[in-house]
Amino acid sequence: MNKLQPAFWKWTGVTLAVAALLAFVILTPPPLLRKIDYIGAAVCHRMPTHSFFVDGHQLPVCQRCTGTFTGALTGLLFHWGILRRRRYQRFPALWMWGVLAACFAFWGLDGVNSMTTDQFGVSILGYAPQPWLRLLTGTLMGMSMSVVLVPAFNLTLWKDGVDEHPLTDWKDLLLLILVELAQAALIYTLEPWLLYPIALYTTVGVTAMFILLGAMVWVMALGYDQRYASWRQAWLPFLWGVAFAALVIGGMDAVRLYILGSIDRIPGVM
């Protein structure tokens with residue numbers, strides 16, 4: 001038995017991951033679009049007034065969260081798939097932190113402006129909240145999350161990491177921003193054929209964030225950090241990441257159902 005995969009952690013991880021998948025299939029109601037609403041409900045208020053509808057169906061998360069989780073997933077794929085920098089471990093340069101901070105501030109201020117307008121009828125920034133702005137700020141926030149998450153994950157798992165930034169210069173960052181903006185523009189068309197692609201891609205984005213975080217937590221908790229040399233060898237941390245994602249999503253759904261009685265509404269707001 002590989003010393004990185006003791007039998008206890010291996011079979012416990014398999015059991016929990018399989019149990020999580022079965023629970024999702026059995027406990028959430030059909031059809032598929034309704035099932036993935038439960039994943040969205042774990043991270044988002046899902047207010048219809050703040051959500052996109054495609055072909056008459058509400059997307060799993062709100063407009064801002066749609067941007068956030070699709071933006072984060074596209075950022076991961078951009079780093080690992082397009083740039084193929086799967087071992088780069090250095091965090092962003094100082095100038096890039098400034099760009100990421102601006103994206104975060106844009107996201108936060110627009111969110112506060114939206115909240116004060118909805119709750120008190122007062123726009124603190126002097127403009128009415130707009131669906132496209134929620135999508136845009138969410139997309140930039142998700143992109144920023146990926147820029148930080150990629151080196152953090154690479155630093156945690158890989159023993160043969162490269163001491164370089166995944167985004168080596170401003171051209172890489174500009175290309176990533178253009179890709180993210182193109183994706184947001186496509187989503188904003190709300191074409192009927194986009195219903196399943198957007199819904200599923202967003203849901204994968206939500207679960208991917210939790211799986212990567214769970215894998216990192218498991219690796220660090222057991223002292224297995226920087227011991228893996230390939231994605232194949234790292235299957236066990238990802239398996240525990242699935243269990244972690246299921247625990248968080250299932251737990252948050254359970255709390256929401258217990259307190260609110262539904263995943264579709266927020267008393268006093270809707």
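Separation of atoms CG (Leu173) and CZ (Phe78) is listed at 8.5 Å; rounding is to 0.5 Å. Leu181 contributes atom CG, which lies 10.0 Å from atom CD of Gln183 (distance to the nearest 0.5 angstrom). A distance of 11.5 Å separates CD in Gln58 from NE2 in His50, rounded to the nearest 0.5 Å. Here the OG-CG distance, from Ser114 to Leu133, works out to 10.0 Å after rounding to the nearest 0.5 Å. Distance check: Trp170 CH2 to Met96 CE gives 12.0 Å after rounding to the nearest 0.5 Å. The line from CG of Leu195 to CD1 of Ile198 is 7.5 Å long, rounded to the nearest 0.5 Å.
Counting heavy atoms from C-beta on, the side chains of Phe53 and Leu190 never come closer than 4.5 Å. Side-chain contact between Leu59 and Arg46 is absent, with no heavy-atom pair separated by less than 4.5 Å. Inter-residue side-chain proximity for Cys62 and His45 is flagged as met; some heavy-atom pair is nearer than 4.5 Å. A 4.5 Å side-chain heavy-atom check between Asn154 and Arg87 finds every atom pair outside the cut-off. Side-chain contact between His57 and Phe52 is absent, with no heavy atoms from C-beta onward closer than 4.5 Å. Put simply, the side chain of Trp231 reaches to within 4.5 Å of the side chain of Trp158, judged on heavy atoms. Using a 4.5 Å heavy-atom cutoff, the side chains of Met141 and Cys103 are not in contact. Two residues are said to be in side-chain contact when any heavy atoms from C-beta on lie closer than 4.5 Å; Leu32 and Tyr196 meet this criterion.
Follow the hydrophobic side-chain contacts under 4.5 Å out from Phe104 and you never reach Ile177; the two are in separate clusters. Transitive grouping of hydrophobic side chains (ILVMFWY, heavy atoms separated by less than 4.5 Å) brings Tyr228 and Trp240 into a common cluster. Val162 and Leu167 fall into different hydrophobic clusters, where Ile, Leu, Val, Met, Phe, Trp and Tyr residues are linked whenever their side-chain heavy atoms come under 4.5 Å apart, directly or through other members. Under a hydrophobic clustering in which Ile, Leu, Val, Met, Phe, Trp and Tyr are joined whenever their side-chain heavy atoms come within less than 4.5 Å, directly or via other members, Leu22 and Phe24 fall into the same cluster. Hydrophobic clustering places Leu175 together with Met143 (ILVMFWY residues linked when any side-chain heavy atoms are closer than 4.5 Å, directly or through intermediates).
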Item to check | Trace of the side-chain hydrogen bond (donor to acceptor under 3.5 Å, both in side chains) decision for Tyr88 with Thr168 | outcome: CA-CA 10 Å; Tyr88 285 46; Thr168 57; over 6 Å; no
Item to check | Chi angles and distances behind the side-chain hydrogen bond (donor to acceptor under 3.5 Å, both in side chains) call for Arg34, Thr28 | outcome: CA-CA 8 Å; Arg34 185 54 177 166; Thr28 55; over 6 Å; no
Next on the checklist: Please evaluate residues Trp80 and Phe153 with respect to the criterion ring-ring contact (aromatic ring centres under 6.0 Å, His included), reporting the C-alpha separation (whole Å), side-chain torsions for both, the decisive distance (0.1 Å), and the verdict.
Outcome noted: CA-CA 11 Å; Trp80 287 332; Phe153 180 85; 5.5 Å; yes
Checklist entry - Stepwise, does the side-chain contact (heavy atoms from CB on, under 4.5 Å) test hold for Ile187 with Thr70? => result CA-CA 10 Å; Ile187 292 173; Thr70 58; 3.8 Å; yes
Checklist entry - side-chain contact (heavy atoms from CB on, under 4.5 Å) between Tyr38 and Leu27: does it pass, once the steps are laid out? => result CA-CA 10 Å; Tyr38 279 76; Leu27 298 180; over 6 Å; no
Checklist entry - side-chain hydrogen bond (donor to acceptor under 3.5 Å, both in side chains) between Asn113 and Ser123: does it pass, once the steps are laid out? => result CA-CA 6 Å; Asn113 184 67; Ser123 171; 2.8 Å; yes
Next on the checklist: Using the rule given for side-chain contact (heavy atoms from CB on, under 4.5 Å), can you reason through Thr137 versus Leu109, listing the C-alpha separation, both sets of side-chain angles and the distance that settles it, and then say yes or no?
Outcome noted: CA-CA 9 Å; Thr137 58; Leu109 288 172; over 6 Å; no
Next on the checklist: One pair to check against side-chain contact (heavy atoms from CB on, under 4.5 Å): Val179 and Thr74. What are the steps and the verdict?
Outcome noted: CA-CA 8 Å; Val179 170; Thr74 295; 3.8 Å; yes
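Enclosure of atom CG in Leu94 is not indicated, since only 12 or fewer non-hydrogen atoms of other residues, nucleotides or ligands lie within 6.0 angstrom. Within a 6.0 Å radius of CH2 in Trp132, other residues, nucleotides and ligands contribute 12 heavy atoms or fewer.
Residues Gly111 and Arg64 share a closest heavy-atom pair of CA-NH2, 3.6 Å. Of all heavy-atom pairs spanning Leu100 and Pro92, the tightest one is CD1-CG, 4.2 Å. In terms of heavy atoms, Leu135 sits closest to Ala184 at CD2-O, 3.3 Å. Nearest approach of Leu194 to Val54, heavy atoms of both residues: C-CG1, 4.3 Å. Heavy-atom minimum distance, Leu33 versus Ala199: CD2-CB, 3.9 Å. Between Gly205 and Leu73, the shortest heavy-atom distance links the atoms N-CD2, 3.8 Å.
The side-chain contact (heavy atoms from CB on, under 4.5 Å) search around Phe91 returns Trp97, Val148, Pro151, Ala152, Leu155, not counting sequence neighbours. Checked against salt bridge (charged side-chain N to carboxylate O under 4.0 Å, His left out), Asp163 has the following partners two or more places apart in sequence or in another chain: Arg90. For the side-chain contact (heavy atoms from CB on, under 4.5 Å) test, residues two or more places apart in sequence or in another chain that qualify with Leu213 are Val217, Phe244.
Electrostatic pairing of Arg134 and Asp110 does not count as a salt bridge here, judged by no charged N lying under 4.0 Å from a carboxylate O. Salt bridge Asp253/Arg256: absent, no basic N to carboxylate O contact under 4.0 Å. Salt bridge status for Asp160 with Arg86: absent, with no side-chain N to carboxylate O gap under 4.0 Å.
No donor-acceptor distance shorter than 3.5 angstrom exists from the side chain of Gln226 to the backbone of Leu157, with no hydrogens or angles considered. When atom types are taken as modelled, the side chain of His79 and the backbone of Gly75 share a donor-acceptor pair closer than 3.5 angstrom. No side-chain donor-acceptor contact under 3.5 Å links Lys10 to the backbone of Leu236. A donor-acceptor pair under 3.5 Å is formed between the side chain of Thr189 and the backbone N or O of Leu186. In this structure a side-chain-to-backbone donor-acceptor pair under 3.5 Å is present from Gln233 to Ala229. A donor-acceptor contact shorter than 3.5 Å is absent between the side chain of Asp118 and the backbone of Gly121.
The cationic group of Arg227 does not satisfy the cation-pi geometry with Tyr224, failing either the under 6.0 Å distance to the six-membered ring centre or the 45° limit from the ring axis.
For the side-chain contact (heavy atoms from CB on, under 4.5 Å) test with Val61, the passing option among Ile36, Asp37, Thr66, Ile39 is Thr66; the others fail.
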